[in-house]
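Below: the structure, in structure tokens.
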Amino acid sequence: MSIFISLFAGLGLFFIGVRLISSNLRQVIGRRLRQLIARAVTGPGSLALFGLLAGAVMQSVNAVIHVLVALVTAGAMDRKRAFPIIRWTNLGTSMLALVAAIDLHALALCLVGLTGIAYYRQIDQSTRWRHAVGALLGLGLLFLGTDFIKSGAALLRTEPWLRLHISELGVWLLPSFAIGAAVAWAAQSSTTVVVITMSLAAGGLIGWNGGAMLVMGAGLGSAASAWSLAGRLQGSARQLVLFQVLLRLQGLVLTLAFYAGNRWLLDDPFGRLLDQFQMGLPARLAAFYMVVQLLSDLASRALEAPSLRWLEAWAAPSLQENLSKPHFVHDEALDEAETALLLADKEQQRLLACLPAYLDALRQDAPAALTSADTRQAAESQVLQLCEQFLVELADRQRSRDVLERSMVLRDRNRLLASLQESLVELHQAAQVAGGGDDDDKAGRATVAQLLDQLVQSLHLMLEALAETAARAQPDAEDLELLRSLTHDRSELMDGIRRRLQGSDLEAGLRQAVFSATTVFERCVWLARRYVLLLDSPLTATGTATAPSTKT
């Protein structure tokens, strides 16, 4: 019984270690570090190095894909650069299998001792080192669990009945393959299956054929675990996950062909090659796992063109994804201040020109909107966040007064755009409340609908005029005067509407919807006027247009 408890504890420690490493390192990958990664991985060499290190350290391709999804979704990395990283990450995960082939007992105890000292000194309470200590503990527990499995497997060699049943895995290859796939799917890691298989092989409980089938089955389980992630994603993010599924399946087909040819056609040349290096069975299985990864990489490279075409057809970028990507700003422009400022201005002009589209669903004479206002706002707010980060970094790099003043003006415009987007979404919400009133009050709903249409048409005209004027390099005085007249204070007019409705027989829900709509309209006019002031005097108006809160 103590032997089985040792094996059970070893498995538990191993799984805890894998989860601690993955979860803590994922926390370390913050926004700033993701930006550094996006800039660092530009060439083939840096892509390979990052993929290998990420796979070796995180020991989870799915965890690395999560990081790549965040980078691609945020527009910080092109998805075509992410595909090679996934290939190299798969190779990087095989490093643990090679390490597990050596004696890890002393290293495991040292790692656990170091983390114990870190906890005693309360280093784990530090925001800076908390996740590093957690990852170190996970690594120690992973190695300690592997050592427990090896020890328990070695003791099981003395049990004849168990050796008889385990040895059947070398004869019945399909059950071995299925077990490897199931465990890899449950553990979300093919490396887990390989390390456990190596531990069983070190204890003499499994032979070469059974171990090889477990390793190959782990590839299918890894593809299944990646497939489970795809259901929650779409667009480019989904393409990254499906690329991993394809890579695993293509590699599995090639590996099965390699195994069958090596065993039945060529009289085991792979085994004779390993004999020259005097490798034991655990090391042979680690080498075979490396061959599996290499064959997956080769198959993926050979079928790259049709695979990418299939991914484009199967997971085309969504409209929201296209809206969330900047059209002008990019990190390479930060080295030239004038270019960077021009691109940021162009990006803001584009987003300003998109504001009238928020009102299309509310206008009676407008064509059907392609996307809802809240979906558009969620996507375009990401572009504004990237613009904000772009301008902050530009100000940090370029210390001249002119660049600082102009970047501050652009940042003020950025905040005004964000507030305008949020306000337009609130106007949609108020209109939805007004449209859902009591059916018995048809006259009241008609009055409210007419009022809302007037507000929407007026606001649409105002935003179109603002966008047209902002798109000009030097707005003339007449255009600016027209904008100032369009964006004059409407508070008295809106207050008059609210006072008239206060004493009317209008249903309470409709009255509240009108109050909300008029308040949001008044705020939009105020925000548009602040934007006009920044257009009128882009250098001297620095800091004068702080966007107000959108809460009322």
Side-chain angles (χ1 to χ4, degrees), residues 75 319 322-330 333-334 336-360 363 366-367 369-371 373 376-377 379-388 390-391 394 402-403 405-425 427 456-488 523-542 544-545 547:
L319 177 61
N322 292 329
L323 290 174
S324 65
K325 291 184 177 179
H327 290 196
F328 296 98
V329 298
H330 53 89
L334 289 169
E336 178 58 44
E338 287 297 328
T339 302
L341 291 169
L342 176 62
L343 292 178
D345 186 34
K346 288 287 187 183
E347 196 72 62
Q348 290 180 354
Q349 291 177 23
R350 183 184 69 83
L351 293 174
L352 183 62
C354 292
L355 290 180
Y358 282 73
L359 301 172
D360 285 346
R363 297 171 59 214
L370 296 177
T371 183
R376 177 179 286 274
Q377 188 268 335
E380 293 182 345
S381 64
Q382 296 182 31
V383 181
L384 288 175
Q385 292 173 9
L386 288 174
C387 284
E388 179 73 16
F390 180 84
L391 292 168
L394 176 64
D402 179 62
V403 172
E405 287 179 341
R406 293 165 67 185
S407 63
M408 282 296 295
V409 171
L410 291 172
R411 290 180 66 187
D412 287 340
R413 293 183 188 175
N414 220 54
R415 298 188 188 102
L416 289 172
L417 283 171
S419 297
L420 278 168
Q421 290 175 354
E422 293 175 7
S423 298
L424 292 174
V425 171
L427 185 61
V456 168
Q457 295 291 357
S458 176
L459 189 55
H460 188 273
L461 174 65
M462 185 189 310
L463 293 175
E464 278 193 332
L466 179 59
E468 290 175 1
T469 304
R472 295 171 185 156
Q474 291 292 336
D476 55 39
E478 293 182 1
D479 292 331
L480 292 173
E481 183 61 31
L482 175 62
L483 281 177
R484 281 192 288 269
S485 64
L486 287 174
T487 58
H488 70 274
R523 187 195 313 146
C524 288
V525 173
W526 188 90
L527 292 168
R529 188 169 185 81
R530 301 282 75 75
Y531 207 99
V532 173
L533 293 176
L534 290 177
L535 291 177
D536 193 6
S537 183
L539 290 180
T540 58
T542 301
T544 61

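Heavy-atom basis, side chains included; hydrogens, waters and symmetry copies ignored.
Going from atom CD of Gln457 over to atom CG of Leu461 covers 9.0 Å, rounded to the nearest 0.5 Å. Note that the CG atom of Leu391 and the CG atom of Leu386 stand 11.0 Å from one another [nearest 0.5 Å]. Atom NZ of residue Lys346 and atom SG of residue Cys387 lie 14.0 Å apart, to the nearest 0.5 angstrom. One finds the CZ atom of Arg376 at 6.5 Å from the OH atom of Tyr358 (value rounded to the nearest 0.5 Å). To the nearest 0.5 angstrom, Leu486 atom CG is 9.5 Å from Leu466 atom CG. How far CG of Leu424 is from SG of Cys524: 4.5 Å, rounded to the nearest 0.5 Å.
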Could you give the side-chain donor-acceptor pairs of residues 347-354 under 3.5 Å, partners two or more places apart or in another chain?
from   : atom 1 : to     : atom 2 : distance (Å)
Glu347 : OE1    : His327 : N      : 3.0
Glu347 : OE1    : Phe328 : N      : 2.6
Glu347 : OE1    : Val329 : N      : 3.2
Glu347 : OE2    : His327 : N      : 3.1
Glu347 : OE2    : Arg350 : NE     : 2.9
Glu347 : OE2    : Arg350 : NH2    : 2.8
Gln348 : NE2    : Leu410 : O      : 2.7
Gln348 : NE2    : Asn414 : OD1    : 3.3
Gln349 : NE2    : Asp345 : OD2    : 3.0
Gln349 : NE2    : Ala470 : O      : 3.4

Start with the C-alpha gap between Leu459 and Leu427, add the side-chain angles, then the distance that decides, and say whether side chain to side chain contact (heavy atoms under 4.5 Å, CB included) holds.
CA-CA 11 Å; Leu459 189 55; Leu427 185 61; 4.0 Å; yes
Worked verdict on Leu416 versus Ser419 for side chain to side chain contact (heavy atoms under 4.5 Å, CB included):
CA-CA 5 Å; Leu416 289 172; Ser419 297; 5.7 Å; no
Do Val409 and Arg413 pass the side chain to side chain contact (heavy atoms under 4.5 Å, CB included) test, and can you show the C-alpha distance, the side-chain angles, and the key distance before you say yes or no?
CA-CA 6 Å; Val409 171; Arg413 293 183 188 175; 3.9 Å; yes
Would Thr487 and Arg530 count as a side chain to side chain contact (heavy atoms under 4.5 Å, CB included) if you check the C-alpha gap in whole Å, the side-chain angles of each, and the deciding distance to 0.1 Å?
CA-CA 9 Å; Thr487 58; Arg530 301 282 75 75; over 6 Å; no
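Between Phe390 and Ala340, the shortest heavy-atom distance links the atoms CE2-O, 3.4 Å. Considering every non-hydrogen atom in both Ala337 and Leu394, the closest pair reads CA-CD1, 4.1 Å. The two residues Ala528 and Leu420 have their closest heavy-atom pair at N-CD2, 4.5 Å.
Looking at residues two or more places apart in sequence or on another chain, you find a salt bridge (Lys or Arg N to Asp or Glu O under 4.0 Å) between Glu388 and Arg411, Arg415. Legend: residues meeting salt bridge (Lys or Arg N to Asp or Glu O under 4.0 Å) with Arg529, ordered by chain and number and at least two apart, are absent. For Glu464, the side-chain contact (heavy atoms from CB on, under 4.5 Å) test picks out Pro356, His460, with sequence neighbours left out. For Thr469, the side-chain contact (heavy atoms from CB on, under 4.5 Å) partners are Arg472, Pro475, Asp479, Leu480, Leu483, not counting sequence neighbours. Scanning for salt bridge (Lys or Arg N to Asp or Glu O under 4.0 Å) contacts around Glu338 gives Arg406, with sequence neighbours left out.
Between Leu527 and Ser423 the shortest side-chain heavy-atom distance falls below 4.5 Å. For the pair Leu417/Tyr531, a side-chain contact is recorded, criterion being any heavy-atom separation below 4.5 Å from C-beta on.
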